[in-house]
Amino acid sequence: DAKTTQPNSMESNEEEPVHLPCNHSTISGTDYIHWYRQLPSQGPEYVIHGLTSNVNNRMASLAIAEDRKSSTLILHRATLRDAAVYYCIPDPSGNTPLVFGKGTRLSVIA
Amino acid sequence: NAGVMQNPRHLVRRRGQEARLRCSPMKGHSHVYWYRQLPEEGLKFMVYLQKENIIDESGMPKERFSAEFPKEGPSILRIQQVVRGDSAAYFCASSPLGQGLVDTQYFGPGTRLTVL
């Protein structure tokens with residue numbers, strides 16, 4: 001399994017953009033980069049995934065470095081509801097048992 | 001389409017009792033995963049099942065823990081003779097596709113087990 005490095009915590013003001021980085025320098029060529037988040041007292045929730053190209057969906061954008069050794073999850077306008085622990089998970093499909101690291105705890109200030 | 005359902009949401013057991021945790025996957029999903037989250041720790045994979053088959057149980061403790069996903073009905077995670085160290089949140093996830101096909105896992109709200 002590829003090792004990931006994420007900041008332990010980050011803070012953002014409400015309505016501001018947030019860039020959550022993840023280093024995955026040992027990622028294999030066939031691994032997708034999946035992002036999940038876990039809101040307080042809830043189960044994890046899928047956010048986005050990508051392979052090489054940048055990806056957008058209604059929740060976030062994912063920017064993937066050209067060498068694929070790092071990626072950045074972008075929340076365009078943070079809301080209080082976005083306060084959660086965010087996990088980046090390299091995985092070949094997303095259908096194998098996911099390996100969750102410690103993630104980044106995002107705090108959003110009103 | 002109802003999401004992944006888990007029950008009970010909270011379960012209290014005394015040491016030595018049995019705990020049975022249930023997970024109903026999303027409609028049309030035939031793949032179920034169980035994860036455990038100890039207090040102040042990350043989620044750890046326990047077991048991956050398809051209908052009537054255990055695909056990967058590499059994360060399951062060797063003793064007292066078992067899991068099943070019968071042809072009909074929910075997936076069950078069973079913990080026999082619970083100990084205080086079993087106190088944790090247990091999450092179930094489901095997906096519609098098997099390994100090798102890119103998809104996401106949909107998580108339930110979890111069962112919080114407290115062992116007195």
Side-chain angles (χ1 to χ4, degrees), chain A residues 1-9 22 27-53 55-60 62 64 68 73 84-106, chain B residues 2-7 9-10 21 23-26 29-50 54-60 67 88-114:
Chain A
D1 299 319
K3 181 175 163 56
T4 60
T5 303
Q6 297 180 253
N8 288 334
S9 62
C22 180
I27 192 170
S28 92
T30 54
D31 278 352
Y32 285 74
I33 300 144
H34 303 259
W35 282 80
Y36 283 76
R37 71 180 185 180
Q38 186 174 21
L39 279 65
S41 300
Q42 294 189 29
E45 174 187 36
Y46 166 78
V47 179
I48 201 167
H49 75 273
L51 183 63
T52 55
S53 305
V55 184
N56 299 295
N57 67 19
R58 63 175 180 80
M59 289 181 71
L62 177 60
I64 301 171
R68 298 198 348 111
L73 180 71
V85 180
Y86 287 77
Y87 301 95
C88 84
I89 305 172
D91 189 87
S93 69
N95 280 327
T96 58
L98 298 175
V99 178
F100 288 83
K102 296 188 186 302
T104 296
R105 183 175 300 276
L106 175 67
Chain B
V4 176
M5 298 173 66
Q6 291 188 248
N7 68 79
R9 295 290 307 275
H10 298 274
L21 288 61
C23 169
S24 296
M26 288 180 71
H29 289 196
S30 58
H31 301 265
V32 165
Y33 309 78
W34 284 93
Y35 295 82
R36 177 167 68 172
Q37 187 168 34
L38 294 167
E40 304 304 320
E41 292 190 19
L43 289 101
K44 301 293 184 193
F45 163 74
M46 299 182 76
V47 63
Y48 165 32
L49 310 102
Q50 291 181 28
I54 296 175
I55 306 301
D56 182 348
E57 55 181 349
S58 58
M60 284 278 268
Y90 292 81
F91 293 98
C92 162
S94 73
S95 69
L97 302 175
Q99 290 180 324
L101 299 171
V102 182
D103 208 320
T104 64
Q105 293 182 22
Y106 299 82
F107 284 79
T111 293
R112 278 149 186 84
L113 172 65
T114 301

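So that the names make sense, note that chain A is the first sequence line, chain B the second, and so on, each numbered from 1. None of these values were measured; they are calculated from a predicted model.
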Can Phe45(B) and Val99(A) be said to form a side chain to side chain contact (heavy atoms under 4.5 Å, CB included), step by step? CA-CA 7 Å; Phe45(B) 163 74; Val99(A) 178; over 6 Å; no
Ranking Gln42(A), His49(A), Lys102(A), Gln38(A) by heavy-atom pairs under 4.5 Å to chain B gives rank one to Gln38(A)
Of the listed Tyr32(A), Tyr87(A), Phe100(A), the one with the largest count of heavy-atom pairs under 4.5 Å with chain B is Phe100(A)
With respect to chain A, which residue among Leu43(B), Val4(B), Val47(B) yields the maximal number of heavy-atom pairs within a distance under 4.5 Å? Leu43(B)
CZ (Phe91(B)) and CZ (Phe107(B)) are apart, to the nearest 0.5 Å, by 8.5 Å
Heavy-atom cut-off 4.5 Å, strictly under: side chain, backbone, both or neither for Tyr106(B) against chain A? neither
With rounding to the nearest 0.5 Å, note down the distance linking OH in Tyr36(A) to CD in Glu45(A). 10.5 Å
Turns out that what part of Glu41(B) lies under 4.5 Å from chain A's heavy atoms comes down to neither
Taking Ser28(A)'s backbone N and O only, do any of them form a donor-acceptor pair with Arg68(A)'s side chain (distance below 3.5 Å, no angle check)? yes
Ignoring hydrogens and geometry beyond distance, is a side-chain donor-acceptor pair present between His31(B) and Tyr48(B) at under 3.5 Å? yes
Against chain B, label Thr30(A) side chain, backbone, both or neither, depending on which of its atoms sit under 4.5 Å from a heavy atom there. neither
